[in-house]
Amino acid sequence: MQETIVANANIEKLPRHFLPADFTVTTWELLEPYFVNLKERSINNVAELEDWLRDVSELEAVVSEDACWRQIKMTCDTTNPALEEAYNFFVMEIQPKIQPYADALNKKLINSPFVNELDQKQYFTYLRSVKKNIELFREANIPIQAELGVLQQQYGVIAGKMTVEVDGREYTLQQAAQFLESSDRSVRESVYRKIQERRLQDKDAMHQLYSQLIQKRHQVALNAGFANYRDYKFVELGRFDYTKEDCFQFHEAVKLHVLPIVNKIYEKKRQQLGLDTLRPWDTEAEPAGTQPLRPFKTGKELLEKTEACFRKMNPFFADCLVKMDQLHHFDLESRKGKAPGGYNCPLAESGAPFIFMNAAGQMSDVTTMVHEGGHAIHSFLAHHLPLSAFKEYPMEIAEVASMSMELFSMSHWDTFFDNEADLKRAKAHQLERTITIFPWIAIIDKFQHWVYENPNHTVEERTDNWMRILKEFSTDAIDYTGLDAYRAIGWQRQLHLFEVPFYYIEYGIAQLGAIGLWMQYIQNPEQALQNYMRALSLGGTKTLPELYAAAGLQFNLSPAHIKTLMEFVDAQMEAL
């Protein structure tokens with residue numbers, strides 16, 4: 001019988017043994033001696049090797065948390081040049097100087113005569129990752145990666161300035177999206193076009209930025225001995241357990257088994273709205289007389305309701321959010337000058353992560369909040385692991401943590417809605433979103449394969465191939481007539497392309513895992529949550545298939561497996 005996972009949210013900042021308690025990262029001159037100590041220290045037995053690893057871990061945690069706070073503060077206020085400067089200082093002046101030491105420490109570990117005396121079961125995935133980092137490291141890539149670190153943040157700077165005016169008021173694009181739920185079709189179309197026109201104003205800047213990123217990334221790959229950045233990135237991301245061919249199989253499965261359900265969802269929407277044709281500004285709309293779902297008004301209310309929802313599932317889940325709130329680790333509401341998107345940022349030393357998002361009072365904000373809350377719970381569950389490296393779990397399991405929480409939490413969304421009709425609409429909205437995101441994931445992933453296999457393409461070729469791939473996965477149920485100028489730059493709204501290349505199919509893989517866990521939850525909620533917590537508490541100490549197995553899941557991208565999961569969700573939608 002498997003053990004019961006009992007978790008505690010009273011997370012404490014890791015005690016320091018190697019660095020002074022009051023040490024903060026300010027200059028390289030003050031930080032470097034700790035790297036020198038680790039590089040030059042003699043290791044005479046396995047116990048000393050483990051002590052050395054703990055000190056490496058402590059230094060990694062302190063540096064990582066400092067970098068995270070610089071990024072958090074900058075994304076919370078993109079208009080403050082001092083915050084951008086502090087982040088850029090780390091990326092340009094600290095990070096590049098760490099990299100040669102990181103490589104030297106990796107080699108010191110792998111070359112140690114005592115490395116084979118470590119518990120191979122516990123250290124397998126870590127040592128595999130260290131060997132991979134040694135293979136990829138090139139001195140020539142250090143300055144390029146520093147430049148990439150700065151360039152990637154320009155996406156947030158450009159996007160953070162995008163606003164539109166509706167009825168005499170200025171809105172961020174995230175805030176303006178609420179008008180797409182209006183029952184007045186003319187309002188929806190007007191705001192849709194305003195948002196798209198605003199994106200068009202910066203299309204050339206986005207194209208230029210992306211072209212620069214592609215060229216620098218391609219050079220990184222060439223320097224490391226790879227034919228293209230895609231092949232390099234698969235290794236860098238630690239995709240040890242699946243290949244590009246598995247991704248192509250996923251793309252095909254989406255066409256075969258997801259698109260027919262997407263067509264059905266949008267055809268039903270067209271009928272509900274009483275329209276002859278469904279246009280892109282209609283997909284979030286409600287029929288006349290039906291008010292858009294407004295599950296909360298303020299960020300504070302969103303947090304309180306999410307805590308109540310989580311407490312009904314498992315008190316530990318709510319305690320995690322309470323602890324973060326006590327530490328002021330939330331920035332939830334959308335405002336001008338704030339970077340777009342949402343994230344949960346793990347903080348390696350203090351343990352309790354930070355959640356950032358752009359809430360505007362919509363149903364999709366509830367989904368984002370419980371999603372990021374799932375990531376936060378993962379951070380709490382893995383914090384007990386002895387080394388920072390053990391807490392670096394693959395994204396394909398990280399997103400299971402968040403996406404499963406979206407589906408689990410539906411059973412307790414009565415905390416957000418006080419009547420059955422709204423609750424039913426909210427669940428339908430969530431399940432539709434669970435299905436309709438798959439084609440977009442396939443589009444973004446397939447586009448990236450093309451982009452990096454053809455790095456010297458022109459902007460025209462990029463646009464042509466984007467449109468080709470977009471149409472391959474587009475639903476027949478939505479009429480896009482006359483909107484090609486907008487559709488041609490649709491990829492520019494996806495920050496992953498700019499900031500975290502190739503990190504996107506993970507959402508598709510993890511959504512499959514989340515649906516599998518939700519199937520378990522409907523049968524036996526307590527057992528499903530135990531499986532969920534068991535898998536997350538392992539951090540990155542197991543392979544991806546092993547982590548999925550710990551959650552009672554198959555790691556499987558085959559069309560047959562995907563078909564089974566899609567049929568299950570389709571049946572659940574029909575039952576609402």
Side-chain angles (χ1 to χ4, degrees), residues 125 128-129 131-133 135-136 138 141 148 210 213-259 392-400 437-457 461-462 464-473 491 494 496-513 540 543-548 553-563 565:
T125 53
R128 178 174 73 168
S129 186
K131 287 171 189 167
K132 172 261 292 183
N133 289 338
E135 287 165 22
L136 288 185
R138 298 292 186 280
N141 280 338
L148 280 167
Y210 198 44
L213 290 168
I214 291 164
Q215 286 309 312
K216 289 186 186 302
R217 288 167 182 164
H218 184 58
Q219 191 58 52
V220 164
L222 294 180
N223 289 351
F226 288 83
N228 61 60
Y229 185 72
R230 189 265 319 279
D231 294 350
Y232 168 88
K233 196 65 183 175
F234 263 60
V235 176
E236 192 194 39
L237 286 169
R239 290 182 177 171
F240 298 104
D241 302 304
Y242 64 99
T243 64
K244 64 180 186 293
E245 286 74 24
D246 291 312
C247 296
F248 302 153
Q249 189 175 220
F250 172 87
H251 303 160
E252 287 307 305
V254 169
K255 275 193 275 192
L256 285 171
H257 302 304
V258 182
L259 272 179
E392 291 175 8
Y393 30 78
M395 289 304 168
E396 297 83 356
I397 193 73
E399 296 302 340
V400 170
I437 190 67
F438 276 105
W440 183 251
I441 292 167
I443 290 163
I444 292 295
D445 189 60
K446 191 164 184 175
F447 178 58
Q448 294 197 83
H449 283 274
W450 180 85
V451 161
Y452 292 104
E453 282 174 348
N454 303 278
N456 298 315
H457 61 263
E461 288 167 334
R462 180 187 301 161
D464 289 346
N465 280 279
W466 164 254
M467 291 298 282
R468 172 181 62 79
I469 295 164
L470 183 65
K471 285 171 181 171
E472 200 180 323
F473 292 91
W491 59 273
Q494 195 61 60
H496 297 71
L497 294 172
F498 295 85
E499 295 183 10
V500 276
F502 277 100
Y503 173 26
Y504 207 63
I505 196 168
E506 287 88 344
Y507 292 106
I509 295 169
Q511 191 73 282
L512 302 175
T543 66
L544 207 43
E546 287 170 338
L547 291 171
Y548 271 57
L553 299 169
Q554 292 178 52
F555 186 78
N556 186 344
L557 301 186
S558 71
H561 181 61
I562 291 173
K563 181 174 188 273
L565 296 173

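Residues: numbered from 1 along the sequence shown.
- In this structure, Arg128 forms a cation-pi arrangement with Phe240, its terminal cationic atom sitting closer than 6.0 Å to the ring centre and no more than 45° off the ring axis.
- A distance-only check finds a donor-acceptor pair linking the side chain of Asn465 to the backbone of Glu461 [under 3.5 Å].
- With hydrogens and angles disregarded, a donor-acceptor distance shorter than 3.5 Å links the side chain of Arg138 to the backbone of Glu135.
- For the atom pair CD1 (Ile214) and CD (Gln448), the distance works out to 9.5 Å, reported to the nearest 0.5 Å.
- To the nearest 0.5 angstrom, Asp241 atom CG is 9.0 Å from Leu547 atom CG.
- Looking only at distances, no side-chain donor or acceptor of Glu399 sits under 3.5 Å from a matching main-chain atom of Pro394.
- Pairing each heavy atom of Val258 with each of Pro439, the nearest pair is CG1-CD, 4.1 Å.
- A pairwise comparison of heavy atoms in Leu222 and Ala227 identifies CD2-O, 4.1 Å as the closest pair.
- Remark: side-chain polar atoms of Asn556 are not paired, donor with acceptor, to backbone N or O of His561 under 3.5 angstrom.
- Between the side chain of Asp246 and the backbone N or O of Thr243 there is at least one donor-acceptor pair closer than 3.5 Å.
- Using bins of under 30°, 30° to 60° and over 60° for the plane-to-plane angle, the ring pair Phe502/His449 lands in the perpendicular bin.
- In this structure, the separation between NE2 on His251 and CG on Leu557 is 10.0 Å, given to the nearest 0.5 Å.
- The two atoms that bring Val220 and Leu148 nearest to each other are CG2-CD1, 4.2 Å, heavy atoms only.
- Residue Pro545 comes nearest to Phe555 through the heavy atom pair CA-CB, 4.1 Å, listed as atom of the first residue, atom of the second, then distance.
- Using modelled atom types, one side-chain atom of Tyr548 and one backbone atom of Glu396 make a donor-acceptor pair closer than 3.5 Å.
- Side-chain atoms of Gln249 never come within 3.5 Å of backbone atoms of Cys247 as a donor-acceptor pair (strictly under, hydrogens ignored).
- A distance-only check finds no donor-acceptor pair linking the side chain of Lys255 to the backbone of Phe473 [under 3.5 Å].
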